[in-house]
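Quick notes on the structure that follows.
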Amino acid sequence: MKTFSITCIICLFGVSCAAQVFQFIAEDALNNPPSDSRSVNFVDVNSDGLDDLFISNGSEGGAPDFLYLNQEGNQLSLQEDQPFYLNVKPSVGATFADADNDGDLDASVASWYGVTNGFYLNDGTGQFISPTGTPLNQTNSYSESSAWGDFNRDGWLDLFVTNSGGADRSNSLYQQTQAGSFEPQPSINWSLPNNYSRSVSWIDYDSDDDLDLYVTNENAQPNELYINQGDDTFIRAENLPILENTGSTITHSWGDIDNDGDVDLFLGNAGYFQPQANKLFRNLGNGEFELVANSVLSNLSQCTFGSAFGDIDNDADLDLVLTSGYCTPDKLGAQLFLNDGNGNFALADSDYWPDLPQVCSYGTAMGDLNNDGFLDIAVAHCKNNSASPAPPNSILLNTPNDNNWLKVKLIGNTSNRSAIGARVEMVALINEAPVFQQRRVSAQTGYAGQNSLTVHFGLAEEATGVWLIIVWPDGKIQQVNNLEINQTVTIEESEPVSTTASNYSLDRVAISPNPVYGRGTGLSVFQQDEQSLPEFEVRIFDGTGKVVFEKHFDGTTQSDINLSWPYARTPNGSYFVQIWDRQKLFRVFPILKVD
């Protein structure tokens with residue numbers, strides 16, 4: 001077992017420690033043994049409340065994978081008795097979640113070069129075993145990545161695996177019907193013929209409370225979005241700009257970059273030693289996307305392999321880390337892009353980001369290693385070619401500032417235990433104005449990267465009145481009010497505030513349209529399941545927190561109601577619609593009013 005400290009901070013390459021937000025930590029344990037690394041996963045494998053670190057290695061002949069246990073928030077110890085380390089495989093992407101709902105995280109690790117994938121069960125102490133007799137580790141493959149997600153909301157996590165080589169490049173879905181029992185689903189055509197697939201994520205892109213599936217492809221093959229129909233079937237989306245692909249999309253990451261209530265999409269592209277332009281898409285809230293053509297991210301040409309969204313400065317918006325590999329020397333390494341709060345990004349300077357080594361860089365992810373409320377970053381480095389030395393990986397500790405934060409750990413009951421697929425909505429008064437944020441609990445947050453399952457919110461300097469709404473994977477909604485800031489709160493799934501069978505339920509309430517236009521038909525509240533709307537109250541706040549409209553509605557036999565908000569005489573800008581059910585704050589929707 002090799003150990004290194006995460007409290008002893010050192011600076012490399014002659015950079016001043018005092019000037020930077022992120023600092024290298026002592027890395028000697030990551031130098032030995034040398035590694036040609038791929039995946040980065042921040043995962044609490046022994047359930048002690050501390051993020052541990054998993055890094056896979058992908059040499060053609062196979063190499064040990066590294067699991068580092070986090071000891072008391074100040075040491076990472078390489079575990080050499082784990083099957084990841086002993087079962088030498090050429091590993092690529094990895095995904096962790098509680099597959100058997102027994103209270104600990106299990107793992108799927110993709111392998112390339114025709115080697116069987118790895119599936120590992122946790123014994124509850126952070127020690128893993130490799131079970132036999134499961135299709136998850138029987139198929140020789142050229143797999144790139146995999147992701148856990150409960151597509152049919154039965155409480156059991158299913159697994160989707162992408163492939164990019166071999167005679168059969170078909171992607172695969174394995175449906176779990178009970179603990180540890182996985183069945184391939186070959187009847188669903190998950191891949192277009194001969195696609196070379198890289199990254200995959202389960203994401204409720206349309207916020208209809210079931211998981212859709214997004215897959216990226218190389219060689220100018222279209223990317224794929226499969227829309228969940230809620231009845232164990234999917235339809236493949238067509239004619240969306242996020243599907244067009246003139247290059248090779250290696251990585252992708254979802255996140256609400258402008259805090260407007262829907263998830264936007266970053267696509268990272270890379271040719272082999274040929275830089276390609278990346279793309280940033282804004283979600284328009286109606287199932288449509290538009291390319292943010294003027295974004296620095298859409299005009300950045302490099303060989304992008306890894307990506308991860310996270311609020312690294314705790315200023316209440318999502319920033320982005322990118323990695324670049326298998327490219328010309330001037331394009332290698334990792335970069336940080338800071339968000340201005342409106343979804344506009346700028347490359348971080350040396351005040352934030354030290355000079356990382358200009359080496360081949362693969363996966364990246366974020367988690368809070370020392371539980372100080374500020375996200376730390378790990379980057380997996382790789383051999384740029386067969387003659388290149390195996391570089392050490394990079395771990396960067398985040399230096400706290402005066403901004404506040406909140407971390408949320410979810411525990412499912414009727415939903416899967418890891419709450420994969422949950423949506424966490426947060427509203428807080430920041431500088432006396434309401435700010436909306438949301439996070440998705442995901443087992444894959446970029447190609448060969450997984451952020452911590454404990455979701456993180458930055459809250460800036462002046463934050464009060466924090467409350468959460470959790471939309472659990474099985475569709476139930478749970479509310480938590482008046483939370484104290486600067487803490488990690490654990491929330492266990494409870495019974496819903498009201499049942500979907502009741503006529504007094506706002507579980508499936510939504511608003512439309514968004515944006516609302518000055519010459520449009522007005523803003524409506526409706527039930528997605530077409531049940532009758534109950535008695536409710538609505539308030540609309542402007543960006544300063546001032547109530548600009550409120551109204552009480554009696555129960556009705558209708559499933560939708562026009563609010564009669566005098567929006568035509570209302571200034572353009574951002575607003576929040578708050579809906580109350582029997583005097584209990586239940587849902588909040590950010591909207592945009594434009595002419």
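From a predicted model like this one, the values you see are computed outputs, not experimental measurements.
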Would Glu218 and Asn195 count as a side-chain hydrogen bond (donor to acceptor under 3.5 Å, both in side chains) if you check the C-alpha gap in whole Å, the side-chain angles of each, and the deciding distance to 0.1 Å? CA-CA 8 Å; Glu218 296 183 279; Asn195 273 4; over 6 Å; no
Thr414 OG1 to Asn101 CG distance, which is reported to the nearest 0.5 Å: 10.5 Å
If you look at every heavy atom in Glu484 and Gln487, which pair is closest and at what distance? O-NE2, 3.0 Å
In terms of ring plane angle, is the pair Phe536 and Phe553 parallel, tilted or perpendicular, where the classes change at 30° and 60°? parallel
Taking the side chain from Asn339 and the backbone from Leu318, do they hold a donor-acceptor pair closer than 3.5 Å? yes
Assess the side chains of Trp254 and Ser442: does a donor N or O sit below 3.5 Å from an acceptor N or O? no
Would a distance-only check, ignoring hydrogens and angles, find a side-chain to backbone donor-acceptor pair under 3.5 Å from Trp467 to Ala428? no
Can you measure from OG1 (Thr364) to CG (Leu322) and round to the nearest 0.5 angstrom? 9.0 Å
Basic-acidic side-chain contact under 4.0 Å: Lys89, Asp65: no
Under a 3.5 Å cutoff, is there a donor and acceptor pairing between the side chains of Ser512 and Ser524? no
If you round to the nearest 0.5 Å, how far is CG of Asn314 from CG of Leu406? 10.5 Å
Please identify each residue that fulfils salt bridge (charged side-chain N to carboxylate O under 4.0 Å, His left out) with Asp100, with sequence neighbours left out. none
Given Ser145, Ser197, Ser143, the one that forms side-chain hydrogen bond (donor to acceptor under 3.5 Å, both in side chains) with Thr162: Ser145
Can a donor-acceptor pair be found between the side chains of Trp156 and Gln178 at a distance below 3.5 Å? no
With no hydrogens and no angle check, do the side chains of Thr95 and Ser108 hold a donor and an acceptor under 3.5 Å apart? no
Would you say the rings of Phe266 and Phe309 are close, in the sense that their centroids are separated by under 6.0 Å? no
Nearest 0.5 angstrom please: Phe128 CZ to Gln82 CD, how far? 6.0 Å
Any side-chain donor paired with an acceptor under 3.5 Å for Glu493 and Asn413? no
Minimum heavy-atom distance between Asp98 and Leu157, given as atom pair plus value: O-CD1, 3.6 Å
Taking 4.0 angstrom as the limit, do Lys407 and Asp368 come out as a salt bridge? yes
Report yes or no: do Gln127 and Asn122 form a side-chain donor-acceptor pair below 3.5 Å? no
If only atom types and distance count, is the side chain of Gln438 paired as donor or acceptor with the main-chain N or O of Val424 below 3.5 Å? no
Exercise: do Gln175 and Glu183 side chains pair donor with acceptor under 3.5 Å: no
Where is the tightest heavy-atom contact between Val161 and Ser146, given as atom of each residue plus distance? CG2-CB, 3.9 Å
With Glu425 via side-chain hydrogen bond (donor to acceptor under 3.5 Å, both in side chains) - residues at least two apart: Arg423, Arg587
Side-chain donor-acceptor pair present, His252, Ser201, cut-off under 3.5 Å: yes
Any pair with a residue in residues 124-152 that passes salt bridge (Lys or Arg N to Asp or Glu O under 4.0 Å), sequence neighbours left out, goes on the list, sorted by first then second residue, please. Glu144-Arg198
Does Leu369 offer a backbone N or O that forms a donor-acceptor pair with the side chain of Asp376 under 3.5 Å? yes
What's the separation between atom CE in Met426 and atom CG in Leu483, rounded to the nearest 0.5 Å? 10.0 Å
Assess the side chains of Asp123 and Thr125: does a donor N or O sit below 3.5 Å from an acceptor N or O? yes
Give the minimum heavy-atom separation between Asp154 and Gln176, together with the two atoms involved. OD2-O, 3.7 Å
Go through the steps to decide whether Ser199 and Thr216 satisfy the test side-chain hydrogen bond (donor to acceptor under 3.5 Å, both in side chains), and finish with yes or no. CA-CA 5 Å; Ser199 61; Thr216 70; 2.7 Å; yes
Does the side chain of Gln478 pick up a donor-acceptor pair with the side chain of Ser494 at under 3.5 Å? yes
Parallel, tilted or perpendicular: which describes the rings of Trp202 and Phe160, with under 30° parallel and over 60° perpendicular? perpendicular
Straight-line distance of Phe234 CZ to Asp212 CG, nearest 0.5 Å: 7.5 Å
Is the Lys NZ or Arg CZ of Arg169 less than 6.0 Å from the centre of Tyr196's six-membered ring, within 45° of the axis? yes
Is the Tyr120-Phe84 ring centre distance short of 6.0 angstrom? yes
Under 3.5 Å: donor-acceptor pair, side chain of Asn228, backbone of Leu211: yes
Of all heavy-atom pairs between Ser164 and Trp112, which one has the smallest distance, and what is that distance? OG-NE1, 3.1 Å
Between Tyr205 and Tyr214, is the gap from one ring center to the other below 6.0 Å? no
Correct closest heavy-atom pair for Gly449 and Ser39 would be N-OG, 4.1 Å
Chi angles and distances behind the side chain to side chain contact (heavy atoms under 4.5 Å, CB included) call for Ile227, Leu213: CA-CA 7 Å; Ile227 304 173; Leu213 186 79; over 6 Å; no
When you check the side-chain N and O atoms of Asn278 and Thr304, is any donor under 3.5 Å from an acceptor? yes
Give me the one residue out of Asp264, Asp260, Asp258 that meets side-chain hydrogen bond (donor to acceptor under 3.5 Å, both in side chains) with Arg282. Asp258
Go through the steps for Asp231 and Thr233 under the test side-chain hydrogen bond (donor to acceptor under 3.5 Å, both in side chains), then give the verdict. CA-CA 5 Å; Asp231 58 0; Thr233 66; 2.4 Å; yes
